[in-house]
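Here the structure comes first, spelled out in structure tokens, and everything after it is commentary.
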Amino acid sequence: MVSDAMATASRLATDHPAAVLPCPVCAATVKGANLDRHLGKVHSGQRPVRSSAMRSWRGPERLIARPLVIVPLLAVVASLVWQEVSGTVEDVFILGAAGALGVGLIICGLVVYGAPLFRGRLSVNGDGFVLSHTLGLRRRQLSRVDRVEAGSAYLVRSSGSNAEGIGGTTSEEQAGSFLKLRNGRRHITVRCKHSTGFRKTWTGWEQAGRSRRWHITLDPADFVALQYTLSDLGLLALRPR
């Protein structure tokens, strides 16, 4: 089955042969007139397998980071309150809750720094989007998208501290690019480790500042499929040539 991304790419390539657009399979930028030749030569027999006809994409998500800390912390507080009310001291509960908090902090740090431990799902819902996260228990929803912002993503790395944790330095590390889908003040931020030529391909978006906050990371082919979906929704247009 031809994916929506492939169909949209083929249509845009036909309508705008001089424009540059991203390949829906590998995310490389090619001229519209050369897209069919590129697909036949480089991707013969291939189709984008992750971008389904339902326009739903999975990737590592970060919204689970907060519950990883808050839930064990509440367990510690509940243990302290219980012991205060009951007048009994049960060290095993305190130690267990504190241990869970420590594990939660470690996993939270890994999630924030990009470890793909938990996967969310970004799906099209009418004119909007839904991000399913936190083991599928929670949803972040936009009923529609009124504007798209794009910017550079980065991570903050710490290094060089001694055994006492003194003297460390922090540095910013380039971490790809992001699209922020907005509906008023609500938003879903989607990051990709690669830019996929977004800025030289599309118009209709607004420039955003650099950010180290995003909700979900998609691989390049899915990031491109998202761009073609935004084009179908009338939010992006190919940059004229």
Side-chain angles (χ1 to χ4, degrees), residues 20-23 26-29 50-51 57-70 104-122 129-134 138 140 142 145-162 165-231 235-236 239:
V20 173
L21 68 166
C23 170
C26 68
T29 53
R50 295 185 181 89
S51 301
W57 312 284
R58 289 177 58 82
E61 60 101 343
R62 301 173 102 196
L63 287 169
I64 197 173
R66 185 175 295 178
L68 285 172
V69 176
I70 292 177
L105 287 171
I106 292 172
I107 298 177
C108 175
L110 292 173
V111 168
V112 169
Y113 277 94
L117 300 179
F118 303 94
R119 298 177 69 82
R121 180 181 294 275
L122 178 67
F129 291 83
V130 176
L131 175 59
S132 176
H133 61 92
T134 312
R138 302 188 65 187
R140 190 179 186 93
L142 303 178
V145 177
D146 52 37
R147 69 183 188 275
V148 178
E149 298 177 359
S152 297
Y154 72 96
L155 291 169
V156 176
R157 301 289 189 184
S158 300
S159 62
S161 60
N162 58 25
I166 301 175
T169 60
T170 59
S171 61
E172 295 182 357
E173 177 182 310
Q174 180 69 31
S177 61
F178 68 85
L179 296 181
K180 184 175 290 187
L181 314 178
R182 283 194 171 276
N183 180 10
R185 299 183 64 179
R186 293 185 59 80
H187 66 276
I188 295 175
T189 303
V190 185
R191 172 219 179 204
C192 181
K193 293 182 179 179
H194 306 284
S195 68
T196 67
F198 178 85
R199 287 176 174 81
K200 66 180 181 181
T201 300
W202 303 103
T203 63
W205 53 274
E206 300 176 10
Q207 180 65 50
R210 295 189 310 155
S211 179
R212 55 190 177 93
R213 299 178 183 275
W214 56 84
H215 300 137
I216 188 171
T217 298
L218 299 183
D219 68 18
D222 288 348
F223 197 58
V224 165
L226 171 62
Q227 294 168 35
Y228 282 124
T229 297
L230 294 172
S231 173
L235 295 163
L236 295 178
R239 189 174 294 279

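Keep in mind that the numbers below use all heavy atoms, side chains included, and drop hydrogens, waters and symmetry copies. Note that the coordinates shown come from a computational prediction; the quantities given were computed from them, not determined experimentally.
Atom CZ of Arg119 and atom CZ of Arg58 lie 5.5 Å apart (nearest 0.5 Å). Distance check, rounded to the nearest 0.5 Å: CG of Leu63 to OG of Ser132 gives 10.5 Å. Interatomic distance, Thr201 OG1 to Leu21 CG, rounded to the nearest 0.5 Å: 7.0 Å. Taking CZ of Arg199 as the reference point, atom OG of Ser177 lies at 6.5 Å (rounded to 0.5 Å). Rounded to the nearest 0.5 angstrom, Leu122 CG and Leu181 CG are separated by 7.0 Å. Within the model, atoms OG of Ser195 and CD of Gln174 stand 9.0 Å from one another, a figure rounded to the nearest 0.5 Å.
Shortest non-hydrogen contact noted between Gly184 and Asp146 is N-OD2, 2.9 Å. Between Leu179 and Ala150 the shortest heavy-atom distance is CD2-CB, 3.7 Å. Closest of all the heavy-atom pairs between Pro22 and Ala27 is CB-O, 4.2 Å. Nearest heavy atoms, Gly197 versus Thr29: CA-CG2, 3.9 Å. When all heavy atoms of Thr196 and Gln227 are compared, the closest pair comes out as OG1-NE2, 3.0 Å. Of all heavy-atom pairs spanning Val224 and Cys23, the tightest one is CG1-O, 3.9 Å.
Residues meeting the salt bridge (Lys or Arg N to Asp or Glu O under 4.0 Å) test with Arg239, sequence neighbours left out: none. Applying the salt bridge (Lys or Arg N to Asp or Glu O under 4.0 Å) test to Arg182 and every residue at least two apart in sequence or in another chain returns Glu149. For Tyr228, the ring pair (Phe, Tyr, Trp, His ring centres under 6.0 Å) partners two or more places apart in sequence, or in a different chain, are Trp202.
Residue Trp57 is tested with Val190, Thr229, Ile216, Asp219 for a side-chain contact (heavy atoms from CB on, under 4.5 Å); the sole match is Thr229.
A donor-acceptor pair is defined here as one N or O able to donate and one able to accept, closer than 3.5 Å; such a pair exists between the side chain of Arg140 and the backbone of His187. His215 places a side-chain N or O within donor-acceptor distance of the main-chain N or O of Thr189, the cut-off being under 3.5 Å. Distance alone, capped at 3.5 Å, places no donor-acceptor pair between the Gln207 side chain and the Gly151 backbone.
Between Arg210 and Glu172 a salt bridge is recorded (basic side-chain N to carboxylate O distance below 4.0 Å). Ion pair Glu206/Arg147 flagged as a salt bridge, since at least one NZ, NE, NH1 or NH2 atom sits closer than 4.0 Å to an Asp/Glu carboxylate oxygen.
Annotation: cation-pi pair Arg191/Phe178 absent, no NZ/CZ under 6.0 Å from the ring centroid and within 45° of its normal. Both tests hold for Arg62 against Trp214: distance to the six-membered ring centre under 6.0 Å, angle to the ring axis within 45°.
Looking only at side-chain heavy atoms (C-beta outward), Tyr154 and Glu173 stay at 4.5 Å or farther from each other. You'll find the side chain of Leu226 reaches within 4.5 Å of the side chain of Phe129, heavy atoms only.
Remark: Arg186 CZ is packed, more than 12 non-hydrogen atoms of other residues, nucleotides or ligands lying under 6.0 Å away.
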